[in-house]
Number of protein chains: 2
Amino acid sequence: MNSATSNSSGNAAPGASAGVASSASPTFSPLYQQIKALITQSLQSGEWKPGELIPSEVELAARFKVSQGTVRKAIDELSAENLVVRRQGKGTFVATHHEERAHYRFLRLMPDAGEPRQAESRVVEVKRLRAPAEVARMLELKGGDSVIMIKRVQSFEGVPAILEEIWLPGALFRGLTAERLIEYKGPMYGLFETEFGTRMIRATERVKAVSTEAAVGELLAVASGTPLLSVERVSFTYGDKPVEVRRGLYRTDSHHYQNELS
Amino acid sequence: MNSATSNSSGNAAPGASAGVASSASPTFSPLYQQIKALITQSLQSGEWKPGELIPSEVELAARFKVSQGTVRKAIDELSAENLVVRRQGKGTFVATHHEERAHYRFLRLMPDAGEPRQAESRVVEVKRLRAPAEVARMLELKGGDSVIMIKRVQSFEGVPAILEEIWLPGALFRGLTAERLIEYKGPMYGLFETEFGTRMIRATERVKAVSTEAAVGELLAVASGTPLLSVERVSFTYGDKPVEVRRGLYRTDSHHYQNELS
DNA sequence: TAGTGGTCTAGACCACTAT
DNA sequence: TAGTGGTCTAGACCACTAA
């Protein structure tokens, strides 16, 4: 028994095995990448839901007919991408937005001094309409497709700080109403995740400095012309599919947008 | 030979071995973390300089008396932190700011449309002075310590876009002159790295929207009161030691601050 | 061809969590 | 005590680079 490989029992040619990427094909990828893709599919399909325990590494290794080390490397990457959370002694869990941990991953506005506070949210408007060209482009929708627009103001200790418009594809968020939004406690991405089966994975943001316009000034309680941070976010689910456009205006007189470069 | 561990030859108790973290001590960390720390020390001390090849995994494994897999895991993390760059078939290299790759890691201002352009830099002022309280605090200096302040304007295709003040600890940048800065081609962090042996590793930024003041307006060719992005950066070297404070004002009329949330 | 990083396996033991 | 993730080893082969 010469340890591994060299055919016979243990290993196989790279690109084969795992029941995937069969034979004559120009697409070769490492086994662990294939396993990672398979696990991601199960996450996406809802076989394992957010917050739930996924099968143990040993089980997955058996299922996919690979070694535990290979499954491990696949899960390592999923964990690094925050799709999954490992807990020693307990198992590996599907990541969820219903957690203290996740709350600040997508909230970059921090107080200049002191601890972060919980934001209070006030929904100003919810409506359905045909997607404006710009939004349609960013959500990869057709021109006439229906979208939902939510406008809300978030405050810290009674002081308004964020005004944002949130645009969602109508097809994905059928039953979404103003009432549901208002009564819901917790992060909006948590609502999206549990009620609409759409889990936000990552986002890109474009930040600019703009001048307060009259209508905005009222909602944020600042004078016209005051500089505001404009943050345009596009959020993605599995498969890099865009599922949200968020246009925010942030007051930065006592808060700042925090970023780590590494 | 029962494969590994259980004393005798291969393994040892965790926290021991590798010539580190000797015996009776309450600090236990995985072997690969100790190896990582040792490699980091060699990087910091300049045993291997930016751009250079470090010893192969096999060599390091022999030097530290651990398996190649353990060295590998250590280097994996260093690579993820951008301290080191792996190149298959060639070896592992110390990361450097003299590379196309690194240029955009710390430059977040992107054109709203089109390809990123090379910025032209114009040094406005260089002076030495006693650190102002705020700067001293951020650089972890004593009140009276000397600092260097560089003021410069960066333009894209002739249009000024960035005005920044760069504050450096005087002790670390002894020979730094305006002439040297002006004649130097390439990224400023490259200069810091090769001429002063100070390599910037990571940074944190605080972004706000502010209103253009008169003196600033002239340098950036915008009217007073125009909204600008204020970006305050603190940069760190090895050991989380702060080595630079950078206060930038960005025009965002045709550029934006780009960020990825993941 | 030799050397490097990259993948994969198999197996052992450790640390932590539950029962 | 059993099960889970976390660490570590040893060894094989692959993909890529350069002499």
Side-chain angles (χ1 to χ4, degrees), chain A residues 1-18 20-21 26-36 39 52-62 64-80 84-94, chain B residues 1-18 20-21 28-36 39 52-62 64-80 84-94:
Chain A
M1 211 306 231
N2 60 4
S3 222
T5 342
S6 78
N7 272 354
S8 74
S9 67
N11 205 348
S17 124
V20 194
T27 66
F28 288 112
S29 76
L31 236 193
Y32 77 90
Q33 287 287 2
Q34 301 174 37
I35 304 301
K36 183 184 168 190
I39 297 176
E52 285 182 8
L53 185 65
I54 77 171
S56 75
E57 296 178 353
V58 186
E59 262 176 84
L60 290 172
F64 298 132
K65 304 252 181 57
V66 298
S67 78
Q68 183 182 354
T70 300
V71 170
R72 183 148 250 284
K73 184 149 187 182
I75 295 182
D76 276 346
E77 292 203 352
L78 293 173
S79 173
V84 116
V85 178
R86 314 182 95 131
R87 296 205 195 116
Q88 182 173 133
K90 300 174 92 171
T92 302
F93 297 80
V94 183
Chain B
M1 207 315 225
N2 61 3
S3 221
T5 341
S6 77
N7 271 355
S8 75
S9 67
N11 206 346
S17 123
V20 193
F28 289 113
S29 76
L31 238 193
Y32 77 89
Q33 289 287 2
Q34 301 174 38
I35 304 300
K36 183 184 167 190
I39 297 176
E52 286 182 8
L53 184 65
I54 76 171
S56 75
E57 296 177 354
V58 185
E59 262 176 85
L60 291 172
F64 298 131
K65 303 252 182 58
V66 298
S67 78
Q68 183 181 352
T70 300
V71 170
R72 181 147 251 283
K73 184 149 187 182
I75 296 182
D76 275 347
E77 292 203 352
L78 293 173
S79 173
V84 116
V85 177
R86 314 182 96 132
R87 297 207 194 114
Q88 182 171 134
K90 300 174 93 171
T92 302
F93 298 79
V94 183

Nucleotide nearest [X] when distance is taken to its side chain, options [options]:
X	options	answer
B:Pro30	D:dG5, C:dC8, D:dC8	D:dC8
A:Gln88	C:dC16, D:dT9, C:dT7	C:dC16
B:Ser56	C:dC8, C:dT4, D:dT4	C:dT4
B:Ser67	D:dT9, C:dT7, D:dG6	D:dT9
B:Thr92	C:dG5, C:dT9, D:dG5	C:dG5
B:Arg72	D:dT7, C:dG5, D:dT4	C:dG5
A:Glu57	C:dG5, D:dG5, C:dC8	D:dG5

Presence of [X] side-chain N/O under 4.0 Å of [N] phosphate oxygens OP1/OP2:
X	N	result
B:Lys73	D:dC8	no
B:Thr70	D:dC8	no
B:Lys90	D:dA18	yes

Using a 4.0 Å heavy-atom cut-off across all strands, classify B:Arg87 as base, sugar-phosphate, or nothing.
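The residue B:Arg87 makes sugar-phosphate contact but no base contact.
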Please report the shortest heavy-atom distance between A:Lys90 and A:Leu53, naming the atom on each side.
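Nearest heavy atoms, A:Lys90 then A:Leu53: O-CD1, 3.8 Å.
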G-U wobble or Watson-Crick pairing nucleotide for C:dT4 (cut-off 3.5 Å, both distances)
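Checking every strand shown, C:dT4 finds its partner in D:dA15, with both distances under 3.5 Å.
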Ignoring hydrogens and angles, tell me if any N or O in the side chain of A:Glu52 forms a donor-acceptor pair with the backbone of A:Val94 under 3.5 Å.
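Such a contact is absent between A:Glu52 side chain and A:Val94 backbone.
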I need the CG-C1' distance between B:Leu53 and D:dA18, as an integer number of Å.
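My rounded result for the distance is 13 Å.
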